[in-house]
Amino acid sequence: MSEYKRKALFVDRDGTIIVEPPGDYQVDSLEKLLFVPGAISGLKSLSELGYELVLASNQDGLGTPSFPEETFHPAHEKMLATLAGEGVTFNDQLIDPTLPEENAPTRKPRTGMFGRYLSGEYDLSASYVIGDRITDIELARNLGAQGILFDPEGTGRDRLVAAGLVDHCVLAARSWSEIAAWLRRTSRSAEVVRNTRETRITVRIDLDGVGESRISTGLKFFDHMLDQIVHHAGVSLTVSADGDLEVDEHHTMEDVAITLGEAIRSALGDKRGIERYGFVLPMDECRAMVLIDFGGRIDFEWDVPFTRERVGDVPTEMFSHFFKSLCAAMQCNLHVKASGENNHHLAEAVFKAFARALRMAVRRDVFSYELPSSKGVI
């Protein structure tokens, strides 16, 4: 079975979304409610990236005489309603009411409030904690997530160095627009794990080419072909496959295709801003044409006449099956046609043309986040 890893943005409240009042540090009236500049537009931008938004906040002494709940909720609900009016809703709200001296396991940066996110269902390494305090970066470390410090004064680096947390902070940003822009550049990644009785597959992909690429399937020529996707699609790709090659190559290549296709589909998210379509290229005496449409419907056509039974350690009949399985998992139209004399060149031309088609189709216009469909849905 295949396992999707969900991603989350854990966002602090006071000092990050709304201004933290000096003195008592309590937003306990509507008069005190003031949004941090850029927070609403920044969160709206992030809500389109496929992360689950989780509000995570310490509210010292909430529910005690020093901070009655009836003074907390009106301003909090007004904040939520304002954000909802701009299309920003939180999938979850984690609010700890304890005081610092209680040392409660639920108080940030401790992880007691975050139990459901530690169950393995979430890819925490691809999730982020966003906050204005060093303890938010400490929380990121404790969760195994990445930290983003909201740092309008520009003093964050010294504080991070002093706390020994530099390696756990991927960005110290002076503004919400900087946070949004950075996450947009790095958001299109996914990890999919597929374990069956026949294979154990892990695929990690970053469509914007950030990170390490490493491919190992046990089939050297197949590794060489998958490596063409890295170089010609401009993606980062890690494929680890342990299959029953003592039987034959079928299960390994089929399950890699399924897992890779699911990872690409997951990394695309809602597909806003992508070009959607994509490539014809020559390679020596060969020519290859790959047509792709990430429109959500599945159709596969294959016209590639191989004349040898094998290329390297891969049966040539498996190339058609690989791309057919990939097409179904990506939920796209994929039409492949190629001709040539040298079967090695023929296979390589197909993979290169696919990679170029993928590169063209997933390219995102950073100035437009519209769905590439007249129907308004893909």
Side-chain angles (χ1 to χ4, degrees), residues 199 201 203 205 207 209 213-239 241 243 245 247-265 275 277-294 298-363:
T199 61
I201 313 289
V203 171
I205 192 164
L207 296 179
S213 294
R214 184 174 62 253
I215 295 169
S216 177
T217 66
L219 296 168
K220 297 302 183 183
F221 188 75
F222 188 37
D223 290 353
H224 178 48
M225 293 298 98
L226 292 174
D227 200 44
Q228 305 307 309
I229 297 175
V230 174
H231 294 289
H232 294 279
V235 301
S236 170
L237 178 63
T238 298
V239 179
L245 294 178
V247 176
D248 68 6
E249 305 82 2
H250 186 103
H251 297 144
T252 295
M253 294 185 69
E254 178 181 60
D255 286 359
V256 166
I258 293 170
T259 312
L260 175 59
E262 291 179 350
I264 291 172
R265 179 160 54 89
E275 296 292 343
Y277 300 101
F279 203 88
V280 179
L281 63 76
M283 180 176 176
D284 298 331
E285 84 292 351
C286 296
R287 68 176 67 181
M289 177 180 70
V290 173
L291 308 177
I292 194 168
D293 172 19
F294 282 108
I298 300 171
D299 186 74
F300 178 70
E301 292 189 10
W302 176 266
D303 183 8
V304 185
F306 286 99
T307 58
R308 288 168 50 188
E309 182 179 351
R310 306 178 74 87
V311 178
D313 53 359
V314 175
T316 53
E317 68 175 6
M318 282 304 302
F319 292 124
S320 171
H321 189 65
F322 170 82
F323 280 104
K324 182 178 182 180
S325 300
L326 182 65
C327 170
M330 291 193 298
Q331 295 185 0
C332 70
N333 290 175
L334 185 63
H335 297 181
V336 183
K337 183 176 182 178
S339 61
E341 297 177 2
N342 184 291
N343 281 217
H344 181 125
H345 290 169
L346 193 57
E348 189 165 344
V350 167
F351 274 85
K352 285 180 176 178
F354 167 76
R356 285 288 171 169
L358 179 65
R359 183 178 193 146
M360 181 184 298
V362 304
R363 181 184 178 275

Contact summary for [X] and [Y], nearest pair of heavy atoms:
X	Y	result
Arg265	Met330	CD-O, 3.7 Å
Val256	Ala241	CG2-CB, 3.9 Å
Cys327	Cys332	SG-O, 3.2 Å
Leu346	Cys286	N-SG, 3.7 Å
Asp284	His345	OD2-CE1, 3.1 Å
Ala257	Ala329	O-CB, 4.2 Å

Interatomic distance, [X] atom [atom1] to [Y] atom [atom2] [nearest 0.5 angstrom]:
X	Y	atom1	atom2	result
Leu219	Asp313	CG	CG	5.0 Å
Leu226	His231	CG	NE2	11.5 Å
Gln228	Ile215	CD	CD1	9.0 Å
Arg359	Lys352	CZ	NZ	13.5 Å
Thr199	Ile258	OG1	CD1	8.0 Å
Met225	Met253	CE	CE	10.0 Å

* **Member of Ile229, Val362, Ile264 meeting the side-chain contact (heavy atoms from CB on, under 4.5 Å) criterion with Val235** => Ile229
* To do: Take Val336 and Phe354 through the side chain to side chain contact (heavy atoms under 4.5 Å, CB included) test and state the conclusion after the steps.
  => CA-CA 8 Å; Val336 183; Phe354 167 76; over 6 Å; no
* **Verdict with supporting geometry, Asp299 and His335, side chain to side chain donor-acceptor pair (under 3.5 Å)** => CA-CA 8 Å; Asp299 186 74; His335 297 181; 2.8 Å; yes
* To do: Measure centre to centre between the rings of Phe221 and His344, then say whether the value is under 6.0 Å.
  => yes
* To do: Would you mind reporting whether Leu291 and Asp293 have side-chain heavy atoms less than 4.5 Å apart?
  => no
* Considering only heavy atoms from C-beta outward, does the side chain of Asn342 approach that of Glu285 to under 4.5 Å? -> yes
Pair up each side-chain donor or acceptor in residues 316-323 with any protein partner under 3.5 Å, not counting sequence neighbours, and list the distances.
residue: Thr316; atom: OG1; partner: Arg308; partner atom: O; Å: 2.7
residue: Thr316; atom: OG1; partner: Glu309; partner atom: O; Å: 3.2
residue: His321; atom: NE2; partner: His250; partner atom: NE2; Å: 3.4
residue: His321; atom: NE2; partner: Glu254; partner atom: OE2; Å: 2.8

* Asked: If only atom types and distance count, is the side chain of Asn343 paired as donor or acceptor with the main-chain N or O of Thr307 below 3.5 Å?
  -> yes
* Ser213 side chain vs Ser236 backbone, donor-acceptor pair below 3.5 Å -> no
